[in-house]
Amino acid sequence: MNNFVHLYLQLEESNRTNDKVQALVQYFRTAPDESACWGLWFLLGNRVKRVVNTTVQREWIAEESGIPLWLVEECYTNVGDLSETISLLLPRREEGTQEPLEKIVNQTLLSLSKANDAERRNIFTQVWQTFSTDQLFLWQKLQSGGFRTGVAKTLVIRALAQVAGIDPAEMAHRISGKWEPSAEVYRSFLTGTQEGLSPDAKPLLRPYPFCLAYALEQETESLGTTAEWQIEWKWDGIRAQLIRRDSEAMIWSRGEELISEQFPEIVELGMLLPSGTVLDGELLVWKEGKPEPFSSLQKRLGRKKVSPKMLKELPCYFMAYDVLEWNNQDVRNQSTKERRQLLELLPGQLPQGIPLQVSPILKGDTWEELRTLRAQSRDRGVEGFMLKRLTSTYGVGRTKGDWWKWKVEPYTCDCVMIYAQAGHGRRAQLHTDYTFAVWNNGELVPVMKAYSGLTDQEI
């Protein structure tokens, strides 16, 4: 565990990108394979589910430290972060456990969900009594689901790619999808081989990293002419990849969740695609020639079994707008224009009446013409436009300049702020959590809470 603690402290203390990358490289090169894989899993944003709530933890730490609960509460209010509060309330300890990260994860973090209340208390007590202060602080972050490093996923991928000696885009593909940390999986990331992997960990089932767009902030005229761009509607559904490889078809969400069971009709569609095809697109509930509101699609989410009635009442379509793999070849490095030409070949190869559409390209000689068309977005059930430079390749993550979201202006409403509460962590001394209400027949009715989106200066 010490390797990961040392890495975490380095990442927290450095503001320089190159220093962070070098710290990550050193960790991936020196940590044992299984420990490195667990570290990678956490660094990519994965979390273990919190089992013991913060109220119970504060009660336990009061008993363990001998500090009155009211004083623990005051400390927590002032510090703003429970992990830091607990590490400060217990005696400072320089020496701690020498166990590897994977053993700590399996014997403490993962075992919490299977334990009863007494066993959970014993696990916390053992950690509090044997871990060093730095180890304890990190463990508390991991068990709470609040582990963050301020290091972008792209930097983690860049560092691991440097260790493996490959392009970051290739590494991003290798680590995509859901996988269970193990020494074998980690070695497969570095070498690209599948030896020793279970069937569900093999790259065959993995999606490509999604290419993401930035919100358009400048005037459209600064982008050049409309002829330089592929312009489509911005659909209000779930971004997904439809994958057809060998004898399987599957659907991955942008959050790298396998959601095939929730959309069986789209899986059937996938089986009709030529083997070695990966499409990028949007899942939509589609009725009478237009998309239904996103709330209709939400009714299909999270279900292990979709009833025939729901399939009939909420029919889903796959709105395809890009092709990432064609004839078993990765085509992401081809231009948007070239990939679009491949995509338009698909309908002619498939039966009529299937739940697949190719996202139409919109035309406009001037940005003013397109601005007029964009004003129809809400009537059409879409969010605005997507602008994709015709010469651009399919990137990894957000790359500014090639893909833009030109969304319609949001609605606004006048509200009354009725509460302001202190924030957490570095904003513990600022009132950052706001509750808003609207007037209804002379009474203020709370309608929303907001706790993000503002800078310190705006607060």
Side-chain angles (χ1 to χ4, degrees), residues 172-180 185 188 194 197-211 235 237-286 291 296-332 334 339-359 394 396:
H173 185 207
R174 289 184 185 181
I175 66 172
S176 62
K178 294 297 178 184
W179 39 268
E180 294 296 326
V185 166
S188 77
Q194 301 184 39
L197 295 184
S198 61
D200 60 352
K202 292 184 178 179
L204 172 67
L205 300 180
R206 294 179 190 157
Y208 289 102
F210 284 83
C211 182
W235 303 100
I238 293 179
R239 180 87 177 273
Q241 285 181 30
L242 179 56
I243 297 176
R244 171 74 163 95
R245 294 189 182 122
D246 290 347
S247 60
E248 297 192 65
M250 64 214 77
I251 310 167
W252 287 89
S253 72
R254 197 188 105 182
E256 296 186 352
E257 295 286 346
L258 194 58
I259 55 174
S260 304
E261 290 181 341
Q262 299 164 46
F263 302 96
E265 71 271 52
I266 306 302
V267 174
E268 291 180 16
L269 157 66
M271 292 302 295
L272 298 174
L273 298 176
S275 183
T277 302
V278 177
L279 302 179
D280 185 9
E282 203 90 4
L283 290 166
L284 302 163
V285 172
W286 195 270
S296 296
L297 185 63
Q298 284 181 306
K299 298 174 183 177
R300 294 280 302 264
L301 302 180
R303 296 178 177 270
K304 291 190 175 181
K305 185 173 178 58
V306 182
S307 67
K309 180 182 177 183
M310 183 166 282
L311 287 171
K312 183 177 180 180
E313 293 179 351
L314 300 171
C316 280
Y317 267 66
F318 188 82
M319 183 66 71
Y321 42 67
D322 216 326
V323 57
L324 314 183
E325 188 174 310
W326 189 262
N327 289 333
N328 293 300
Q329 296 298 313
D330 181 351
V331 296
R332 292 176 297 159
Q334 294 188 23
R339 298 195 312 277
R340 177 71 191 199
Q341 290 170 349
L342 294 176
L343 182 62
E344 291 179 349
L345 296 175
L346 260 187
Q349 302 178 23
L350 299 172
Q352 297 294 315
I354 60 174
L356 171 76
Q357 295 188 49
V358 173
S359 181
Y394 189 94
V396 174

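Below, each value reflects all heavy atoms present in this structure, side chains not excepted, and no hydrogens, waters or symmetry copies. Keep in mind the model is a prediction, meaning the values are calculated, not measured.
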Item to check | Distance (rounded to the nearest 0.5 Å) between Leu314 CG and Leu297 CG | outcome: 8.5 Å
Item to check | Student check: side-chain heavy atoms of Leu273 and Val278 closer than 4.5 Å | outcome: no
Item to check | Between Thr277 and Trp326: side-chain donor-acceptor atoms closer than 3.5 Å | outcome: no
Next on the checklist: Quick one, Arg174 with Ser188, criterion side chain to side chain contact (heavy atoms under 4.5 Å, CB included). Give me CA distance, side-chain angles, the key distance, then yes/no.
Outcome noted: CA-CA 8 Å; Arg174 289 184 185 181; Ser188 77; over 6 Å; no
Checklist entry - Under a 4.0 Å N-O cut-off, is there an ion pair linking Asp280 with Arg239? => result yes
Item to check | Plane angle bin for Tyr208 and His173 - parallel if under 30°, tilted between 30 and 60°, otherwise perpendicular | outcome: parallel
Item to check | Minimum heavy-atom distance between Leu283 and Ala240, given as atom pair plus value | outcome: CD1-CB, 4.0 Å
Checklist entry - Is the closest basic N to carboxylate O distance between Glu265 and Arg300 below 4.0 Å? => result yes
Checklist entry - Is Glu257 salt-bridged to Lys178, going by a charged N under 4.0 Å from an acidic O? => result yes
Next on the checklist: Working note: Leu324 + Leu279, criterion side chain to side chain contact (heavy atoms under 4.5 Å, CB included); need CA distance, chi angles, decisive distance, verdict.
Outcome noted: CA-CA 6 Å; Leu324 314 183; Leu279 302 179; over 6 Å; no
Checklist entry - Under 4.5 Å between any side-chain heavy atoms of Arg244 and Met271, yes or no? => result yes
Checklist entry - Would you say Glu180 and Val185 make side-chain contact, with heavy atoms under 4.5 Å? => result no
Next on the checklist: Just to verify, what does Leu258 make a side chain to side chain contact (heavy atoms under 4.5 Å, CB included) with, not counting sequence neighbours?
Outcome noted: Met250, Trp252, Ser260
Next on the checklist: Tell me if a side-chain donor or acceptor on Ser275 pairs with a main-chain N or O of Arg245 at a distance below 3.5 Å.
Outcome noted: no
Checklist entry - Charged N to carboxylate O below 4.0 Å: is that the case for Arg332 and Glu325? => result no
Checklist entry - Which heavy atom of Val331 sits nearest a heavy atom of Val323, and at what distance? => result CG2-O, 3.5 Å
Checklist entry - If every non-hydrogen atom of Cys316 is compared with every non-hydrogen atom of Val285, which pair is closest and at what distance? => result SG-CG2, 3.9 Å
Next on the checklist: Just so I know, are the side chains of Pro347 and Val358 near enough to count as touching, which here means a heavy-atom distance under 4.5 Å?
Outcome noted: yes
Next on the checklist: With a 4.5 Å cut-off on side-chain heavy atoms, are Asp330 and Tyr394 touching?
Outcome noted: no
Item to check | Leu242 and its side-chain contact (heavy atoms from CB on, under 4.5 Å) partner, picked from Val267, Ile251, Leu356 | outcome: Ile251
Checklist entry - At their closest point, which heavy atom of Val396 faces which heavy atom of Ala172, and how far apart are they? => result CG1-CB, 3.8 Å
Item to check | Side-chain heavy-atom pair Ser359, Trp235 within 4.5 angstrom cut-off | outcome: yes
Item to check | Nearest-0.5 Å distance, OH of residue Tyr321 to CZ of residue Arg340 | outcome: 12.0 Å
Next on the checklist: Minimum heavy-atom separation for Gln334 and Arg339, please, with both atom names.
Outcome noted: O-NH1, 2.7 Å
Checklist outcome for this item: Smallest heavy-atom separation, Pro264 atom then Leu311 atom, equals CG-CD2, 4.0 Å
Checklist entry - What distance separates Glu256 CD from Gln241 CD, expressed to the nearest 0.5 Å? => result 9.0 Å
Item to check | Reported OH-to-CD1 distance for the pair Tyr317 and Ile354, which is rounded to 0.5 angstrom | outcome: 9.0 Å
Next on the checklist: What I'd like to find out is whether the side chain of Phe318 reaches to under 4.5 Å of the side chain of Glu282, using heavy atoms alone.
Outcome noted: no
